[in-house]
There are 2 protein chains.
Amino acid sequence: MSDTPPCCPPPRDPIDGMPDDAIADAEFAALAKALGHPARVRILRLLVRKNACICGDIVDELPLAQSTVSQHLKILKDAGLVRGEIDGPRTCYCVEPAALRRLSALLDALSGCAGASRPAGEKAKEE
Amino acid sequence: MSDTPPCCPPPRDPIDGMPDDAIADAEFAALAKALGHPARVRILRLLVRKNACICGDIVDELPLAQSTVSQHLKILKDAGLVRGEIDGPRTCYCVEPAALRRLSALLDALSGCAGASRPAGEKAKEE
DNA sequence: GTCGCTCATCGTCGATGAACGATATACCCC
DNA sequence: GGGGTATATCGTTCATCGACGATGAGCGAC
């Protein structure tokens, strides 16, 4: 918790009519959903611990079939939490620290807006 | 992995033969799964913003049926992210800050342990 | 070229999730 | 006690997830 930016992050890119909160909700939910399975958390932990890992090593570490692990890796990659680089016949996976930081920031924004600082003038969207 | 850097939280209650990492994985995954739906993130944000909220207000705020919202609230409550107090004929929900802090700690432990076991001193906190 | 290895994708099956309407329960007010 | 409101739960339907084995595609070694 070093330099905590102002409570709520600035508005992101407006997609259509969605308020930025809804965008943040969707983004947060997508990241959380990708981490909503113990195997995927474990994969992420493995990658963090070794900084990078061959897919085969991950398969070797988990009690799951290779295709299942590949599926989980795809989900993590689609969520942007992990990056895969093809290295010859194998694929080297590594975590995407920015995604973890982003998730942490979203979580801070979610819980931080409550107890930490209570701005007197809430922004829009209120009743 | 024998040495426990100051970053990683102390071991939790050992359930059966599970290593504490597996427990943390399961706990993290359970919390993340509960937040893996935009409606639930939105509910949590609502509760955080108003600090507490009657179920009816939440139903009023979301484009979902009352039963669906109740289901989402149950999921959040089962995950320990939310607490519901029966207040006369209605139910008043409020966030459980400890759960959010716990999630934040688990997330830090996940991404932070990388920096700890890495020789480099990057704490991944700067933007 | 061919073989062997590594990984991704496909197809399938059972389990779970998400949504709804209908119904049951608890409470306050009269 | 009866009526009205607020919430939880039940049962159903459709979509998605999680797991697997089998197959296909890319690459290095021979």
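Proteins get letters first, then strands, A, B, ... in listed order; numbering begins at 1 in each.
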Item to check | Euclidean distance, atom CZ of residue A:R90 to atom P of C:dC7 [Å, nearest integer] | outcome: 7 Å
Next on the checklist: Distance check needed: C:dA19 C1' versus B:I43 CD1, whole Å only.
Outcome noted: 13 Å
Checklist entry - Which sits closer to the 5' end of DNA chain C, B:P63 or A:T91, going by the nucleotide each is nearest to? => result A:T91
Next on the checklist: Can a donor-acceptor pair be found, under 3.5 Å and without considering hydrogens, that links the side chain of A:R101 to the backbone of B:S111?
Outcome noted: no
Checklist entry - Between D:dT7, D:dA19, C:dA8, which nucleotide gets closest to the side-chain atoms of A:Y93? => result C:dA8
Next on the checklist: Count I, L, V, M, F, W, Y as connected when their side-chain heavy atoms are under 4.5 Å apart, and connections chain through other members. Are B:L62 and B:L81 then in the same cluster?
Outcome noted: yes
Next on the checklist: Without decimals, in angstroms, what is the distance between B:I54 CD1 and D:dA8 C1'?
Outcome noted: 15 Å
Item to check | Interatomic distance where NZ belongs to A:K74 and C1' belongs to C:dT9 [whole Å] | outcome: 9 Å
Checklist outcome for this item: Hits for salt bridge (Lys or Arg N to Asp or Glu O under 4.0 Å) against A:R90, two or more places apart or cross-chain, chain-then-number order -> none
Item to check | Nearest-neighbour nucleotide for the B:S70 side chain, C:dT6, C:dA8, D:dT9 considered | outcome: D:dT9
Next on the checklist: Just the rounded figure in Å: distance from C1' of D:dA8 to CG of B:D87.
Outcome noted: 16 Å
Checklist entry - For A:L73, which contact category applies under a 4.0 Å heavy-atom criterion: base, sugar-phosphate, or nothing? => result nothing
Using atom names, set out every protein N or O paired with an N or O of nucleotides 22-30 of chain C below 3.5 Å, distance rounded to 0.1 Å.
none

Checklist entry - Do B:L100 and B:I75 belong together in a cluster built from hydrophobic side chains that touch within less than 4.5 Å? => result no
Checklist entry - Can you tell me how far P of D:dG18 sits from CZ of A:R42, to the nearest Å? => result 17 Å
Checklist entry - If you look only at pairs with a residue in residues 31-53 of chain A, which of them pass as a ring pair (Phe, Tyr, Trp, His ring centres under 6.0 Å), with sequence neighbours excluded? => result A:H37-A:H72
Item to check | ring pair (Phe, Tyr, Trp, His ring centres under 6.0 Å) contacts touching residues 75-108 of chain B (sequence neighbours left out) | outcome: none
Next on the checklist: Test of understanding: with salt bridge (Lys or Arg N to Asp or Glu O under 4.0 Å), list the residues that count as partners of B:D78, not counting sequence neighbours.
Outcome noted: B:K74
Detail all sub-3.5 Å separations between protein N/O atoms and N/O atoms belonging to nucleotides 11-18 of chain C.
from	atom 1	to	atom 2	distance (Å)
C:dA18	OP1	B:R40	NH2	3.3
C:dA18	OP2	B:R40	NH1	3.3

Next on the checklist: Evaluate B:T91 against B:I54 for side chain to side chain contact (heavy atoms under 4.5 Å, CB included), listing each step before the verdict.
Outcome noted: CA-CA 6 Å; B:T91 308; B:I54 301 301; over 6 Å; no
Item to check | Atom pair distance, as rounded to whole Å: CG in B:D60 and P in D:dT5 | outcome: 15 Å
Item to check | Sidechain N-carboxylate O distance under 4.0 Å for A:E27, A:R102 | outcome: yes
